[in-house]
Novice: 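This is the structure I have questions about; it appears just below.
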Amino acid sequence: MATPSLLLLLADGRFPAGAHAHSGGLEAAVAAGRVTDLASLEAFLAGRLATAGLVGAAFAAAAHRAGAPAESAARSGALARLDAELDARTAAPALRAVSRRQGRALLRAGRAIWSDAPFADLPATPGGAHQPLVLGLLCAAAGLSRVETATIAAYGTLTGAASAGVRLLGLDPYQVQALLVGLADACDGTAADAARAADDPPERLPAAAAPLADIHAEIHATWEVRLFAS
């Protein structure tokens with residue numbers, strides 16, 4: 001059984017998986033003039049939670065389900081289906097690359113800490129598996145529940161961009177933290193929805209999209225100078 005400390009550890013932005021290097025699309029949104037202050041940052045985060053947050057949390061929860069010992073015989077096939085479905089939901093090539101890059105970083109940390117986790121069952125796709133799939137297996141190995149796994153995934157879509165907002169816009173960090181507190185119930189609700197959705201087959205998992213975020217990601221990837229990797 002996992003302890004509360006493990007939940008906090010895996011949700012911590014200082015966990016060595018490279019999350020601190022990504023703005024979740026905020027850098028491009030700031031450059032485009034679409035996020036300029038605390039109010040527009042709140043709207044950005046709420047939109048991100050309802051799209052990337054829900055999708056990532058649902059796929060992490062589904063991978064957690066596949067990571068259960070009872071699923072060992074079918075795990076490889078289940079994870080391959082999840083990887084393909086998440087790829088189909090990630091329209092921007094830049095975002096697909098980011099997800100797989102973050103998956104590789106998280107996998108390195110996971111193998112060092114939970115060496116007996118079934119990471120070998122992840123699909124051998126070019127670039128590695130998507131980050132939510134790695135997160136789901138890692139959380140299962142840590143003994144976390146499906147809801148806790150979804151909560152970590154949803155929470156991560158908020159905190160990375162919020163932290164980037166402080167750096168990119170010079171916002172008051174106390175006000176940004178208050179903003180996150182205000183979004184806590186929405187984050188918990190998104191995680192609960194995602195955990196329930198994980199019982200569905202991969203093709204029926206959430207597919208919420210944010211076309212403008214896809215466009216921003218592709219533009220951001222062309223910049224020669226940028227503060228964040230995405």
Novice: Within the distance-only criterion (no hydrogens, no angle test), does the side chain of Glu27 pair as donor or acceptor with the backbone N or O of Phe228 below 3.5 angstrom?
Specialist: yes
Novice: Got a donor-acceptor contact below 3.5 angstrom from the Asp87 side chain to the Arg96 backbone?
Specialist: no
Novice: Taking Ile219's backbone N and O only, do any of them form a donor-acceptor pair with Thr222's side chain (distance below 3.5 Å, no angle check)?
Specialist: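 Yes; judged by distance alone, with no hydrogens or angles, the pair exists.
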Novice: Just by distance, do the side chain of Ser163 and the backbone of Thr159 share a donor-acceptor pair under 3.5 Å?
Specialist: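 No: the side chain of Ser163 does not pair with the backbone of Thr159.
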Novice: Which of these, Asp172, Leu41, Val176, sits in a side-chain contact (heavy atoms from CB on, under 4.5 Å) with Val166?
Specialist: Val176
Novice: Determine whether Leu26 and Leu38 fall in the same hydrophobic cluster, where Ile, Leu, Val, Met, Phe, Trp and Tyr are linked whenever their side-chain heavy atoms lie under 4.5 Å apart.
Specialist: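 Yes, it is one cluster - the side chains of Leu26 and Leu38 are joined through contacts under 4.5 Å.
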Novice: Side-chain contact test, heavy atoms from C-beta onward, threshold under 4.5 Å: evaluate it for Thr90 versus Val55 and give yes or no.
Specialist: no
Novice: Got Arg167 and Ser23 here, is their nearest side-chain heavy-atom distance under 4.5 Å?
Specialist: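 The answer is no; the side chains never approach within 4.5 Å.
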Novice: What are the two closest non-hydrogen atoms of Gly127 and Arg104, and how far apart are they?
Specialist: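 Taking Gly127 first and Arg104 second, the nearest heavy atoms are O-NH1, 2.6 Å.
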Novice: Is it the case that the side chain of Arg146 and the backbone of Gly136 share a donor-acceptor pair, with hydrogens and angles ignored and the cut-off at 3.5 Å?
Specialist: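 No, the answer is negative, given that no donor and acceptor are paired below the 3.5 Å cut-off.
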Novice: Can you see which heavy atom on Pro201 is nearest to which on Arg81, and at what distance?
Specialist: CB-NH2, 4.2 Å
Novice: Is a donor from one side chain sitting under 3.5 angstrom from an acceptor on the other, for Arg100 and Thr125?
Specialist: yes
Novice: Could you pull out the closest heavy-atom pair between Ser230 and Val98, with the gap in Å?
Specialist: CB-CG2, 3.6 Å
Novice: Count I, L, V, M, F, W, Y as connected when their side-chain heavy atoms are under 4.5 Å apart, and connections chain through other members. Are Leu133 and Leu144 then in the same cluster?
Specialist: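 Yes, one cluster joins them.
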Novice: For Ala58 and Ala198, work out which heavy atoms get closest and say how close.
Specialist: O-CB, 4.2 Å
Novice: With distance as the sole criterion, is a donor-acceptor pair present between the side chains of Ser40 and Asp37 under 3.5 Å?
Specialist: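 On atom types as modelled, these side chains qualify, holding a pair under 3.5 Å.
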Novice: Does Arg226 CZ have over 12 foreign heavy atoms under 6.0 Å away?
Specialist: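 More than 12 heavy atoms, drawn from other residues, nucleotides or ligands, come within 6.0 Å of this atom.
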Novice: Would you kindly confirm whether Leu86 and Leu137 end up in one hydrophobic cluster when ILVMFWY residues are joined by side chain heavy atoms under 4.5 Å apart?
Specialist: yes
Novice: Just by distance, do the side chain of Asp12 and the backbone of Phe15 share a donor-acceptor pair under 3.5 Å?
Specialist: no
Novice: In terms of hydrophobic clusters joined by side-chain contacts under 4.5 Å, are Leu6 and Phe119 together?
Specialist: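 Leu6 and Phe119: one cluster.
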Novice: Between Glu203 and Glu85 (side chain of the first, backbone of the second, donor and acceptor by atom type, cut-off under 3.5 Å), is there such a pair?
Specialist: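 Answer holds: no.
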Novice: Write down the atom of Phe44, the atom of Ala161, and the distance for their closest heavy-atom approach.
Specialist: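 What the structure gives for the nearest pair is CE2-CB, 4.0 Å.
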Novice: Write down the atom of Ala150, the atom of Ala57, and the distance for their closest heavy-atom approach.
Specialist: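 Of all heavy-atom pairs spanning Ala150 and Ala57, the closest is O-CB, 3.5 Å.
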Novice: Pick one: which of Leu158, Leu45, Thr157 meets side-chain contact (heavy atoms from CB on, under 4.5 Å) with Cys187?
Specialist: Leu158
